[in-house]
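Below: one structure, written as structure tokens.
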Amino acid sequence: MTELAARYEAGSIEKKWYKIWMEKDYFKSVPDDREPYAMVIPPPNVTGVLHMGHMLNNSIQDILIRKARLDGKNACWVPGTDHASIATEAKVVKWLREKGMTKGSLSREEFMKYAWEWTDKYGGIILNQLQKLGASCDWSRTAFTMDEVRSDQVINAFVDLYNRGKLYRGLRMVNWDSEAKTVLSNEEVLYSEERSKLYYVKYKVEDTDEYITIATTRPETILADTAIAVHPGDERFTRFKGKRVRVPIVNRSVPIVFDEYVEKDFGTGALKITPAHDMNDYEIGLRHDLEVINILNEDATINKNGAQYVGKDRFETRKKIVIDLEEAGQLEKVEEYTNNVGRSERTNSIVEPRLSKQWYVKMEKLAGPALDAVMEDSVRFFPENMKNTYRHWMENIRDWCISRQLWWGHRIPAYYYRDEVFVAATREEALELAKKKLDNNEIVASDLKQDEDVLDTWFSSWLWPFSVFNGMRSSEEVNYYYPTASLVTGWDIIFLWVARMIMAGYEWKGERPFKEVYFTGMVRDKQRRKMSKSLGNSPDALELIDQFGADGVRFGLLSSSPAGGDLLFDEKLCEQGRNFSNKMWNALRLVKGWKIDDSSVRPEDVEMRLLAIRWFEGQFYELLDELDADFRQYRLSDIAMKLYNFIWNEFCSWLLEMVKPAYGDPIDLESYKLINQLLENLMIVLHPFMPFITEEIYQNIRGREEDDHIIIAKWPQRKESDNSLSEGFALLKILVTSIRDVRNKNQIKQKELLTLQFMKSESAAMMVNSHGLKNLLRKMGYVKDIELVSEAPTVPHGNIVAQTLKAFVLLPNINLEEEREKLLADLEYAKGFVKKIEGKLKNERFVNNAPEAVVEKERKKLNDGLSRVAMLQESLERLG
RNA sequence: GGGCGAUUAACUCAGUUGGUUCAGAGUGCCACCCUUACAAGGUGGAAGUCGUAGGUUCGAGUCCUACAUCGCCCA
């Protein structure tokens, strides 16, 4: 027995192998003449720490890249992080505050210095954590969206788009975070039901004694009203056509407009219109050519247009204005109301619609080829139904607002000189453009004012599949690695990221960025809640790895994570993975413990072993075929479970038990070698899922050359195999299980030797004539004699009906009740089966229309079923 | 309001081209067992009217329609 611990200890072994793999540069990829398999990591936020979602996502990527490596491809997985403008800036601001500084007290340059300091110090923790998970990224390629190479390409992309007329600056209603003082994308606004109040306010109709009452949840915006709108078909208001009303408080005269948008049944049927502070009102304003009055500053205090409320906060103003309206007698009533309020994902402050000049990407032209690519499967989606979602979004695409009012990020390369804008990678180039355009050589660099805003972080990540290869500037690597093979990401960023990468791919490379996209589900807790920091329902990723090993966690995550389907995480899954490791470890211990000695083994044992091994090989090759198909379809959890079952049941419980020599006895060399080879192959196919333990076992199976590691082994190839054995072994397994059941039911020890009798039949002959099968049955069933008989025994016995084989297990005594129950249950099942098939065969249309092969099969099934019924009945009758 | 998806064992999910003893797996549960690789284990077992109602078909868990319930995305 070699010195192997009885329990598998993941921790130290995982550390050991990761270090060796790194030292050997196995993760590193350089272009060569092999087929490339490239993958780019969905860059986690530089502020990120490893959570369950990352673990799932990156385990999957690691599986794919390790499989590609085993397939002999040039596997290249590029890691990196993105700079996450808003999130990082928020962290930096907080950090500065702890140091007693405010963003406002710093210049932009000073702030950026601190931001980089923060990033260098705290950023990128997550990449180290990924190593613990076993991620086999080419770390020498680690990229950051704000490093020099990437930044250069981002700026280039902006300039390029501008020059091609695909960028514009537009006045748009945007989601404004008044705390972070930045624009938010729709995706960064979280909506939820909140309790608020609905205020009914009376507007006096000019030249009449009448009032029109409107309902609003935001009375402070009355200051910015420039119209009242009603539905054109609403008879209550037709008499006001052409009239104007007076806005309360500010006493402004504004028109009454008629617009289909107004819902007659909502509130009072009349709507106040505030184009500067509401998305829909803005649209109505455009249609009716209304004045736009903005009353808010960047920080959501009231600006100079806000009469006596100037300088006050928006919510303070709301309170004050309600009092003032009441005093003026213009507040009719106040109702409790629940509405959908949008808050900033980052600051939680209520999002303010705000008119602002922003940079936009014109999306319509970009979307065309990107939509086609997915619809025609140039870029294949897994699961396929994501295509529908994608199409829906692409067909209704809106222009992309890419400016953000932040400092941390790529500063927009647009330079202003009076009313003109010049877009160029550098100030100097912009200056040249300005001089030329304005025909004025007097302009100097400092006359140009660079745009204060930075670009949306996604504007860097959409270039990722080629920017990591410096693909916009150089073609050397991109020609080899691009398009990448697969992309693994969550479906929640299909629009934010995936769609845009496809667009960028066609825009700049004229080619898809990846061939296949695998969308993972979300990791949720057992109550189906999304795992999140705020809920505190997410286990600590690193602690899990400590507890169950990275292999165990990876297996746990993968074993129950169908494509696109959510994963309901349960620690039990990881425990199962850990136990699986231990099981394999002990299989290794068993095999390693065998002594080899060809001189003292019995030939019939060798024959028996070789037969079992031949059978197992056949099963293994069939498994390989299934795995191939599953990999092509990204059915990774199926693969994980198939390997689990195959190794645990077929290999450990059946094969090893079949070939295992008696305690202290040696094994023959040939069987030993073949079994080791099988174990080795099993480790190779499992390696992508559980990289560490498979390497450890691989190394322990036999001595290895210096550079022989499983990570770079060859995926096993299918060979010719003997399928004729599967029938006999299937029957063997049923017989063994049935014998064990008979023992269980009659309290007979598993190892007490019994006599088995077969009623003469074809299948009985098959079992008995093969020495190998017969000996295996003896060994596995602890059977001393196997006899062929033509009549049931008269001594106590248990009845077995296996397929069409009838057998008797001779017993010292028998529990007749149990026996009868079991036979009755079996009989009932068999009868039901027969009835169903008889029904089919009696149906002439079936017999006439179904393919002959199908009918033939049914006939065979019927015959088998009938003989089973007969055998069971006979046994029952004998019981009396 | 528009769209997508789901409903199979106590739980979580497979079920690929409609046809094999097809009704499966894992977990959990029950019984027995510290048997010489493994109690992080072994052996055996019980457990489902495939959401409901129709339809197509020789044949439906699988295809179609409607309904119910739930979930998600977009507006």
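Proteins get letters first, then strands, A, B, ... in listed order; numbering begins at 1 in each.
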When rounded to the nearest Å, what value does the distance between [atom1] atoms of [N] and [M] take?
{"N": "rG45(B)", "M": "rU20(B)", "atom1": "C1'", "value": "25 Å"}
{"N": "rC30(B)", "M": "rA37(B)", "atom1": "P", "value": "29 Å"}
{"N": "rA60(B)", "M": "rG15(B)", "atom1": "C1'", "value": "14 Å"}
{"N": "rG71(B)", "M": "rA25(B)", "atom1": "P", "value": "31 Å"}

Measure the distance from [atom1] on [X] to [atom2] on [N] and round it to the nearest whole Å.
{"X": "Asn388(A)", "N": "rC74(B)", "atom1": "CG", "atom2": "P", "result": "15 Å"}
{"X": "Leu567(A)", "N": "rA14(B)", "atom1": "CG", "atom2": "C1'", "result": "15 Å"}
{"X": "Glu856(A)", "N": "rC58(B)", "atom1": "CD", "atom2": "P", "result": "21 Å"}
{"X": "Glu821(A)", "N": "rA31(B)", "atom1": "CD", "atom2": "P", "result": "17 Å"}
{"X": "Asn849(A)", "N": "rG19(B)", "atom1": "CG", "atom2": "C1'", "result": "14 Å"}
{"X": "Asn746(A)", "N": "rG45(B)", "atom1": "CG", "atom2": "P", "result": "14 Å"}

Next on the checklist: Judged by each residue's nearest nucleotide on RNA chain B, which is more toward the 5′ side, Trp654(A) or Asn579(A)?
Outcome noted: Asn579(A)

Next on the checklist: Quick check: on RNA chain B, is the nucleotide nearest Lys642(A) upstream (toward 5') of the one nearest Glu858(A), or the reverse? Name the residue that is more 5'.
Outcome noted: Lys642(A)

Next on the checklist: The side chain of Trp491(A) is closest to which nucleotide in this list: rC73(B), rU27(B), rA37(B)?
Outcome noted: rC73(B)

Checklist entry - Given rC73(B), rU43(B), rU16(B), which nucleotide is nearest the side-chain atoms of Arg635(A)? => result rU16(B)

Next on the checklist: Tell me whether Glu395(A) at atom CD has more than 12 heavy atoms from other residues, nucleotides or ligands lying less than 6.0 Å away.
Outcome noted: yes

Next on the checklist: Determine whether Phe616(A) and Phe646(A) satisfy the following criterion, ring-ring contact (aromatic ring centres under 6.0 Å, His included), listing intermediate values before the conclusion.
Outcome noted: CA-CA 10 Å; Phe616(A) 186 85; Phe646(A) 193 76; 5.0 Å; yes

